[in-house]
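Written out below as structure tokens is the structure these notes cover.
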Number of protein chains: 2
Amino acid sequence: MSGHLTQNLRSDALDNRERILDAARAVFAAEGMDVPMREIARRAGVGPATLYRRFPTKQALATEAFADQMNACVAVVDEGLTDPDPWHGLCLVIEQLCELQARSRGFTAAFTSAFPHAVDLAAKREAALASLADLMRRAKGTGHLRPDVALDDLVLMLMANGGLHATSTNARVAASRRFAALTIEAFRA
Amino acid sequence: MSGHLTQNLRSDALDNRERILDAARAVFAAEGMDVPMREIARRAGVGPATLYRRFPTKQALATEAFADQMNACVAVVDEGLTDPDPWHGLCLVIEQLCELQARSRGFTAAFTSAFPHAVDLAAKREAALASLADLMRRAKGTGHLRPDVALDDLVLMLMANGGLHATSTNARVAASRRFAALTIEAFRA
DNA sequence: AGCTAAACGGACGCATGCGTCCACTACCGT
DNA sequence: ACGGTAGTGGACGCATGCGTCCGTTTAGCT
């Protein structure tokens, strides 16, 4: 799935790898992407060298760490697609994507503007965007979504949602919920 | 106006002070707040010591550098207040505040979340918010603004607008214009 | 012109984060 | 149990940004 073979690793190495990913997930979600690699290593209980051996760049680490969250995004979009009412499905997608972003400080950059070279993430992102475009097209068909709203507008709003900085996670989630509601109002025909 | 007396300075010192502020304004707008103090000193053609002597902290420098931009914000709000049609005035305020934010990368933080101790900015900010609250109240009276939209929602959207990152100023301005339009749609009754 | 104090800026020491090297450890096959 | 090798993490050198000190320059008054 991700280039490197994780199977040939020795048991302790595999163990450390998992602990590193757990630590990265926690700290990226809580503090954002501006944390030193050392801090992640420290929390994982390993030395810096071990961290750098498994993940040569912060990007590689982030890509792996956010993989499941990216999958959650894809799942949200897929779920929206299957909704019999496209407008309702779109609303759900907006609400849930905003919440996902709010719960993980660092994930925003990965999903919206994407890392320059995170191919795995970028591919899934493109697929999700294509699905969203289809969902929006159908939602316009029902007359609930304003015809002049483009896919770019949705991306725009998601990016803006990422700008909702707040110290506590709870405050961010609350703000994002309100933002999602306002976005839906902006999109409603 | 700002504690320190700038009048007793020697002519060359006063000159340098102005060049520092000009450089700070330019670089803060273009690059954001994450530029080294050294860089500003370099562009102003002075040594680091001179910069630190005039502005002990980056905050002090930013407060002075953004003073006129903050005045522009206040002017925008005041102009909106005098509009005979409150809803139209509010729309103008939203559009122009979004554009001001987009044109200066670093100003966003100063106006929305404000620096912890920038009293000058904070005071004007509070006054502007009070004015905005009044404008919104009147706009609701005309029936054009949705009754359930609060002042906090406007602040929320302005903060979100600050999250619209883009490399070029033109791209940021374009995105902000679209965002302002969507915000107005979200607020419209 | 000469003097004095204000102003200047290069240079210094400190702190932080990065990426890498190497002597030590411990897993795993025999 | 034991040897070989994958794996480890402390330590190192480098780079960048910060804030301050001090010898030198220059404005401004007489």
Side-chain angles (χ1 to χ4, degrees), chain A residues 2-24 26-28 30-65 105-106 109 115-118, chain B residues 2-65 105-106 109 115-118:
Chain A
S2 69
H4 306 286
L5 310 179
T6 68
Q7 312 171 0
N8 309 3
L9 288 177
R10 226 167 61 180
S11 66
D12 55 344
L14 205 65
D15 219 57
N16 280 335
R17 207 189 111 93
E18 276 314 309
R19 284 221 308 287
I20 289 172
L21 279 176
D22 283 345
V27 76
F28 281 157
E31 315 277 344
M33 301 299 288
D34 292 353
V35 281
M37 290 286 262
R38 304 295 241 251
E39 170 68 11
I40 296 171
R42 203 181 56 75
R43 293 211 196 190
V46 302
T50 302
L51 173 53
Y52 280 112
R53 195 175 315 111
R54 295 289 163 249
F55 307 97
T57 75
K58 189 180 283 190
Q59 214 173 86
L61 175 58
T63 303
E64 293 261 357
R105 241 179 167 172
F115 290 62
H117 305 296
Chain B
S2 69
H4 307 286
L5 310 180
T6 68
Q7 310 172 0
N8 309 3
L9 285 179
R10 227 168 61 180
S11 67
D12 55 344
L14 204 66
D15 218 57
N16 279 336
R17 206 188 113 94
E18 275 315 309
R19 285 220 308 287
I20 289 172
L21 280 176
D22 283 345
R25 274 187 273 263
V27 76
F28 280 158
E31 315 279 343
M33 302 298 287
D34 292 354
V35 281
M37 291 286 263
R38 303 296 240 251
E39 171 68 11
I40 297 171
R42 203 182 56 74
R43 293 211 196 190
V46 302
T50 300
L51 173 54
Y52 280 112
R53 196 173 314 112
R54 295 288 161 251
F55 308 96
T57 75
K58 188 181 283 190
Q59 216 173 82
L61 176 58
T63 303
E64 293 259 358
R105 243 180 165 170
F115 290 63
H117 304 297

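Here is how names work: the chains are called A, B, and so on, in the same order as the sequence lines, proteins then strands, and each is numbered from 1. Source: prediction; values computed, not measured.
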Minimum heavy-atom distance between B:Ile20 and B:Ile40, given as atom pair plus value | O-CG2, 4.1 Å
What pair of heavy atoms forms the shortest contact from B:Gly47 to B:Ala41, and how long is it?
-> O-CB, 4.0 Å
A:Thr50, A:Thr63, A:Leu61 screened by side-chain contact (heavy atoms from CB on, under 4.5 Å) with A:Phe55, the one that passes | A:Leu61
Does the distance from a Lys or Arg side-chain N to an Asp or Glu carboxylate O, for B:Arg17 and B:Glu64, drop under 4.0 Å?
-> yes
Could you pull out the closest heavy-atom pair between B:Val27 and B:Glu39, with the gap in Å?
-> CG2-CG, 4.5 Å
Which atom of B:Ala44 lies closest to which atom of B:Arg19, heavy atoms considered = O-NE, 3.1 Å
Bend across the helix from C:dA1-D:dT30 to C:dT30-D:dA1, to 10°, with axes taken over 5 pairs at each end?
-> 10°
Proximity to DNA chain C (any heavy atom under 4.0 Å), residues of residues 34-44 of chain A only = A:Pro36, A:Met37, A:Arg38
Not counting sequence neighbours, which residues clear side chain to side chain donor-acceptor pair (under 3.5 Å) with B:Glu18? List them please.
-> none
Could you list the residues that satisfy side chain to side chain donor-acceptor pair (under 3.5 Å) with B:Arg38, not counting sequence neighbours?
-> none
Residue pair A:Phe28 / A:Ala62: nearest heavy atoms and the distance that separates them | CE1-CA, 3.9 Å
Heavy atoms of chain B, cut-off under 4.0 Å: which first and last nucleotide of DNA chain C, 5' to 3', fall inside that, if you could look?
-> C:dA6 to C:dC12
Set out, line by line, the N/O atom pairs under 3.5 Å between protein and nucleotides 7-10 of chain D.
| unit_1 | atom_1 | unit_2 | atom_2 | d |
| --- | --- | --- | --- | --- |
| D:dG7 | OP1 | A:Arg10 | N | 3.3 |
| D:dT8 | OP1 | A:Asn16 | ND2 | 2.5 |
| D:dT8 | OP2 | A:Arg53 | NH1 | 3.0 |
| D:dT8 | OP2 | A:Arg54 | NH2 | 3.2 |
| D:dG9 | OP2 | A:Gly47 | N | 3.0 |
| D:dG9 | OP2 | A:Thr50 | OG1 | 3.0 |

Closest heavy-atom pair, A:Ala13 versus A:Arg54, reported as atoms and distance to 0.1 Å, is CB-NH2, 3.5 Å
Just by modelled atom types, is the A:Asp34 backbone N or O under 3.5 Å from a matching donor or acceptor in the A:Lys58 side chain?
-> no
Salt bridge B:Arg25-B:Asp22, side-chain N to carboxylate O under 4.0 Å | yes
